[in-house]
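Here is the structure we will look at.
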2 protein chains.
Amino acid sequence: MSEPARPQRRNEIRQQNETLILQAAEKVFAEAGFGGATMQLIADLAGLPKANLHYYFATKEELYRKVVQNIFEIWLHAADSLDNAPGPIEGIGAYIDAKMEISRRHPDGSKVWASEVMHGAPVIQDYLETTLRDWTAGRAALIQRWIDEGKMAAVNPEHLLYMLWATTQHYADFGHQIETLNGGPLTDAQWLRAKDSVKAMILRGIGAV
Amino acid sequence: MSEPARPQRRNEIRQQNETLILQAAEKVFAEAGFGGATMQLIADLAGLPKANLHYYFATKEELYRKVVQNIFEIWLHAADSLDNAPGPIEGIGAYIDAKMEISRRHPDGSKVWASEVMHGAPVIQDYLETTLRDWTAGRAALIQRWIDEGKMAAVNPEHLLYMLWATTQHYADFGHQIETLNGGPLTDAQWLRAKDSVKAMILRGIGAV
DNA sequence: TCTTTTCCTGACCGTATGGTCAGATTGAAG
DNA sequence: CTTCAATCTGACCATACGGTCAGGAAAAGA
């Protein structure tokens, strides 16, 4: 085997421990916020001594930055569904599907992102001003094109994007509230219904039928 | 004058300092999160010595609890617009107006609430399970009644409520992101457009026309 | 095998934070 | 004026946290 299951190859040690730490960090940052999170908690969750964390990530800020950057990557790739779609029904429908799936599979990441933005984006302000800004402008233009082609109602593209973000991420960021009102975690069927409800209301709301 | 402008009446001293501290606390908690906020920061913002804070609020947790409870009150009263409305156009329209206004006027409160829920509602879990649960059930029934009367499409009432919360609160919680994309704070006209966009998309989305 | 580089970690340090307290100050009551 | 209770605050304390470091273990290279 050239790729053994429990190896101690140098390359893999680094890779393995870094992802281990990043996963633990994402969870702790999501649950406690940046200020409430402690390196000791992250270390315990990762099953490593605290000093080992500082070997891979010099400071708490650096570790946090990596966590946020990872989330941002996932976020952006979710938008591939929007592009190359013939119209809003397929494009926005698929985008909602993708974002709802992220809310379900990566709720911690969503919370860290929300927390970061709520606190004024001290770490990823530059991303907002460059990458996200360009991204938004591009998709707004795409939506405007669909409007001009008579494929949907003349809604404001930016506010439509905000609504898409808000509605889908709500199921992650406010998942605890939803679970409390629901009397427990959403089942597969309930997630499906949530997704369908969101898609139905938004697609009808933008006149794409 | 029985109510002088700068009095030092015992009653008013307490009242005045408590609200002063609560306002400062709301801002600091919103900007830094519970873990990142410090009593010293709150004291400085309130213009009082730190020890004075502990005279009015024994612990950081107690102060935080009061802040969250205050927000919750405002939240609930915003729903009066829903009740006693003849139908969804007036009721939900007014509710969106009210919640958008709160997002504009009390963004800090909204952020503290979001943060509290995201971290698993350690402080207001009982409120979620009692007050909010009853509240939600009542409004869901109201929406269902409108559906049964043919005044709107047969959407899922709970998911409609989630969409209303998510969309309106997004303008407070993610206000920094929106401002960055917008190139500055929203003007009066832009807030009006935001409100109208949200109302138009949601009302059309639920088939209330 | 010997050397070098990477990885690992217990013990430690300086600082910041939440909270305390004794005593001063100030308004109310008689 | 005197008394009493409420209000205020500088100084202080114990703790917890982020971060450091010297030195040991282990893999890679020669």
Just compare [options] and give me whichever is closest to any side-chain atom of [X].
X: A/Tyr56; options: C/dC8, D/dT7, C/dG18; answer: C/dC8
X: A/Ile13; options: C/dT20, C/dC8, D/dG18; answer: C/dC8
X: A/Lys50; options: D/dC21, C/dC21, D/dG19; answer: D/dG19

Give a yes/no on whether any side-chain N or O of [X] is located under 4.0 angstrom from OP1 or OP2 of [N].
X: B/Asn52; N: D/dG10; result: no
X: A/Tyr55; N: C/dC8; result: no
X: B/Arg14; N: D/dA6; result: no

| said: Check the orientation of B/Trp113 and B/Phe72. Use parallel for under 30°, tilted for 30 to 60°, and perpendicular for over 60°. | reply: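 Parallel, since the angle between the ring planes stays under 30°.
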
Spacing of [X] atom [atom1] relative to [N] atom [atom2], expressed in whole Å:
X: A/Glu61; N: D/dG18; atom1: CD; atom2: P; value: 9 Å
X: B/Asn17; N: C/dG27; atom1: CG; atom2: P; value: 13 Å
X: B/Leu63; N: C/dT17; atom1: CG; atom2: C1'; value: 15 Å
X: B/Leu53; N: D/dT7; atom1: CG; atom2: P; value: 15 Å
X: A/Gln16; N: C/dC7; atom1: CD; atom2: P; value: 12 Å

| task | Indicate, with a heavy-atom threshold strictly under 4.0 Å, whether B/Glu62 touches base, sugar-phosphate, or nothing. | result |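 Nothing, no nucleic acid heavy atom in range.
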
| request: Would you indicate what A/Phe57 reaches in the nucleic acid, counting non-hydrogen atoms under 4.0 angstrom: base, sugar-phosphate, or nothing? | output: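 It contacts nothing in the nucleic acid.
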
Only pairs under 3.5 Å count here: list side-chain donor-acceptor contacts from residues 40-48 of chain B, not counting sequence neighbours, and write none if there are none.
from	atom 1	to	atom 2	distance (Å)
B/Gln40	NE2	B/Asp44	OD1	3.1

| message | Pick the closest DNA chain C nucleotide for A/Asn11 and for B/His54 by heavy atoms, then say which residue is nearer the 5' end. | response |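 Nearest nucleotide further toward 5': that of A/Asn11.
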
Any luck finding a side-chain donor-acceptor pair between [X] and [Y] under 3.5 Å?
X: A/Tyr162; Y: B/Gln177; value: no
X: A/His106; Y: A/Glu26; value: no
X: B/Gln125; Y: A/His176; value: yes

| Proximity to DNA chain D (any heavy atom under 4.0 Å), residues of residues 38-47 of chain A only |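 A/Thr38, A/Met39, in order of number.
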
| query | Is a donor-acceptor pair below 3.5 Å formed from side chain B/Lys60 to base C/dG19, judging by atom type as modelled? | reply |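 Such a pair does not exist between side chain and base.
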
| request: Would you mind listing every ring pair (Phe, Tyr, Trp, His ring centres under 6.0 Å) that reaches into residues 22-52 of chain A, with sequence neighbours excluded? | output: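 Residue pairs passing ring pair (Phe, Tyr, Trp, His ring centres under 6.0 Å), neighbours aside: A/Phe29-A/Phe34, A/Phe29-A/Tyr64, A/Phe34-A/Tyr64.
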
| field | First encountered from the 5' end of DNA chain D, between B/Pro49 and A/Ala37 | value |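 Result of the comparison: B/Pro49.
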
| message | I need the single residue from B/Lys99, B/Arg105, B/Arg104 that forms a side chain to side chain donor-acceptor pair (under 3.5 Å) with B/Glu101. Which is it? | response |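 In the set B/Lys99, B/Arg105, B/Arg104, the residue that makes a side chain to side chain donor-acceptor pair (under 3.5 Å) with B/Glu101 is B/Arg105.
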
